[in-house]
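All chains are named by letter (A, B, ...) in the order of the sequence lines, taking the proteins before the strands, and each is independently numbered beginning at 1. Heavy-atom basis, side chains included; hydrogens, waters and symmetry copies ignored.
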Amino acid sequence: MAAARRAGDWRRTHTCGELRPAHVGQTVTLNGWVHKRRDHGGIYFVDLRDRYGLTQVVLGAQFSEALKLSGEDVIGVTGTVVVRDASNVNKERETGAIEVVAESLAILSKAKTPPIDVAASELPAVDTRLKYRYLDLRRPALQKNLIHRARLISAMRAAFERESFVEVETPVLTKATPEGARDYLVPSRVHPGSFFALPQSPQIFKQLLMVAGMDKYFQVARCFRDEDLRADRQPDFTQLDMEMSFVEEEDVFAVWERVLAATFREAMGIELVTPFPRLRHAEALERYGSDKPDVRFGLELVDVAAWAKKTEFKVFLGALERGGRVLGLNAGNVAFSRKEIEEGLNAVAALGGAKGLAWWKADAGGGTGSLARFAAGPLAGELMQLLSAKSGDLCLFVADAQSVARKSLNEVRLHLRAKLNLVDPKHYAFTWVTHFPLFTYDEDAKRWFSEHHPFTAPEDWALGGPGADPGQLMSRSYDLVMNGWELGSGSIRIHRSEVQERVFEILGIGPEERQEKFGFLLEALSYGAPPHGGFALGLDRTAALTAGLDNIRDVIAFPKTASAADLMCQAPSPVRPENLAEVHIQLAGQALTRAAKGAAAAADLTPK
RNA sequence: GGGGACGUAGCUCAAUUGGUUAGAGUACCGGCCUGUCACGCCGGGGGUUGCGGGUUCGAGUCCCGUCGUCCUCGCCA
């Protein structure tokens, strides 16, 4: 306690966020960064900042060295807590009723003029923020995000432990997989010419843990995929990964519903409604045009093909003749100008590939818009009934190949969500999307690919029998979708080696490759594997979405740029020739010239 | 790999049709001020206009290339 303190001890007794009028009269020591300094000549005010808050420190005229303080200096201040006059209370701050009158000051560390002004409200460019991430992270908003993320993870961990799940770590240096995303490779020094891969997910290991009888496994797992980035994708990311034995879909759903309900309650004070609705993949596409629909609002897609056939509208009829669809949605009674529709909304629909967007201001008398002259007479009333439209409602249509029509109207739907303020951002609507196709055919590669991954169980264990069309097979995979974001996916797995062999066969993975890449899994499945299934939740996305962010960058302490580089530590970077030699690698092509340039640039950085 | 936007002082931005010495706010440095909390006032330093080339009497501005950042399509089992 205070009695044990030596004079001149700069170590803090309190944080910058905790002093209140109850502490008045106490001698305290605070540590932190100089957030702002106000020099009034003879009296100086310093707002001292740490993770917990801001406290105003008052320095009298005797502190001449206070004049040397500047932003982001690190100091220790010992002084007395005093209550402020009523006229001087700062109601904006939790510590605004008191201040600390300094008796001694220790400058622990000086700061150069920082490239990021932590106290400013306007943000520097993203690359500056990433290069000086440790400064950006001093901003309370970012610290809040990281703390939010930590609370989510902590609550999930506790919830899984209550459910008797065991946290098990799996290797980061593992085996390259032929299917799926591009692997990050790590050369082996000990085995010349051989490479580890960083895991895209712990998929196979968690299945082996089920074979091992662990029954219920979970892990906060780092995953790596060497693919191009997006606002919601980083090359290294984190999943809350789990797997359980002797289960079917509903068992996995039930665990996650309990875990997420507990997590949202404990970390955010939000009560989720469970069970989450289940939506078949085909139905999601038909009603929303997307396999990750935002179900918080309507504007659902309507098939108007039967109606279109009664018209003489060549665009609609032509699309149907070519085997396409005519889909529409009712945007409601919205005040859009002709220009907003024909240029604005049209451009939105074009994002989905639509060549045009037909529109109609509904009215039983024929209405207005590009569709009006084809909606004369009784056709007007019929169309209104189809779209549940009232007079004055704006209806939008795309006629094209099914995938284009759906994708385009999905774009329109999401555009209207923002434009018309159709959703409450604090409303979290989860949906399980089920019954995905097992395989999709790739026209370029001329072969079948797993829609989810090759270990996903088919609905029909016999896989349709010999000669069956793989495109007709349903899988037992599922996605969890929240507010239009895919938060995670999982499946019931194949636990029988002969079924797994058959899937590899359909995928065109021959017996030799099967044995080489997956022999250990097939063998494991042959020693008595329990039926099992699991799921992995994208933690970055979950944290971002629940923090009200549309980019995962700001819930990651040290994120990478769109070109998968770390601007702060300048990774990736060339390495010395001897390092390459150790791992038996020789550079070729543009890698040679690039590496030479990189080495030259590094040499320029040596002090002059 | 494709498309779009951007790159000017430490930071955020401005700079007319291609035209004189590239400006402002903020930060920083110095001076003044005993109650501020975005303190105020006075003064000062600070620029390879991302980099390279071209057109021009003249380029921050126009053209070509290149590097980087963001968004996006492809990609992401």
Would you tabulate the pairs of protein nitrogen or oxygen atoms and nucleotide nitrogen or oxygen atoms of nucleotides 2-9 of chain B closer than 3.5 angstrom?
none

Problem - side chain to side chain contact (heavy atoms under 4.5 Å, CB included) involving A:Val186 - partner list, sequence neighbours excluded - result: A:Leu173, A:Phe196, A:Leu198

Fill in the blank from the handout: Residue set satisfying side chain to side chain contact (heavy atoms under 4.5 Å, CB included) with A:His23, at least two apart, ordered chain then number -> A:His14, A:Leu19, A:Arg20, A:Gln26, A:Val81

Handout entry: Positions of residues 472-481 of chain A (non-hydrogen atom under 4.0 Å from RNA chain B), listed by number
Key = none

Completion exercise
With sequence neighbours left out, the residues meeting salt bridge (charged side-chain N to carboxylate O under 4.0 Å, His left out) with A:Lys144 are none

Handout entry: A:Phe63 ring center within less than 6.0 Å of A:Tyr44 ring center
Key = no

Exercise for the section: Would you mind listing every salt bridge (charged side-chain N to carboxylate O under 4.0 Å, His left out) that reaches into residues 434-443 of chain A, with sequence neighbours excluded? Expected result: none

Exercise for the section: Tell me whether the guanidinium CZ or amine NZ of A:Arg447 lies under 6.0 angstrom from the six-membered ring centre of A:Phe449 and within 45° of its axis. Expected result: yes

Practice task
Give the B/S/- string for nucleotides 24-34 of chain B, one per nucleotide from 5' to 3', where a protein heavy atom under 4.0 Å of the base yields B, of only the sugar-phosphate yields S, and otherwise -.
Solution key: ---SSS---BB

Practice task
Assign A:Phe45 to base, sugar-phosphate, or nothing according to its heavy-atom contacts below 4.0 angstrom with the strands shown.
Solution key: base

Problem - Check: B:C37 base within 3.5 Å donor-acceptor of A:Asn90 side chain - result: yes

Handout entry: Integer angstrom distance from the P of B:G44 to that of B:A24
Key = 11 Å

Handout entry: Pairwise distance CG(A:Asp400) to CG(A:Leu357) - rounded to 0.5 angstrom
Key = 11.5 Å

Handout entry: Qualifying residues under side chain to side chain contact (heavy atoms under 4.5 Å, CB included), relative to A:Pro470, sequence neighbours excluded
Key = A:Phe439, A:Trp448, A:Ile506

Exercise for the section: List in numerical order all residues of residues 92-100 of chain A for which some heavy atom is under 4.0 Å away from an atom belonging to RNA chain B. Expected result: A:Arg93, A:Glu99

Handout entry: Any strand: nucleotide that pairs with B:A5 via Watson-Crick or wobble, under 3.5 Å
Key = B:U69

Problem - Rounded C1' spacing from B:C6 to B:C42 in Å - result: 38 Å

Problem - Donor-acceptor pair between A:Arg222 and A:Thr238 side chains, under 3.5 angstrom - result: yes

Exercise for the section: Let me have a per-nucleotide readout for nucleotides 68-75 of chain B, 5' to 3', with B, S or -, counting only protein heavy atoms under 4.0 Å. Expected result: SSSSSBBB

Handout entry: Test ring pair (Phe, Tyr, Trp, His ring centres under 6.0 Å) applied to A:Phe535 and A:Trp432, A:Phe218, A:Phe253, the passing residue
Key = A:Trp432

Handout entry: Where at least one partner belongs to residues 196-211 of chain A, residue pairs that pass salt bridge (charged side-chain N to carboxylate O under 4.0 Å, His left out), sequence neighbours excluded
Key = A:Lys206-A:Asp241, A:Lys206-A:Glu243

Exercise for the section: Indicate, with yes or no, if the rings of A:Tyr184 and A:Phe195 have centres closer together than 6.0 Å. Expected result: no

Problem - Those residues that, when tested against A:Glu486, pass salt bridge (charged side-chain N to carboxylate O under 4.0 Å, His left out) (two or more places apart) - result: none

Exercise for the section: Using a 4.0 Å heavy-atom cut-off across all strands, classify A:Pro124 as base, sugar-phosphate, or nothing. Expected result: sugar-phosphate

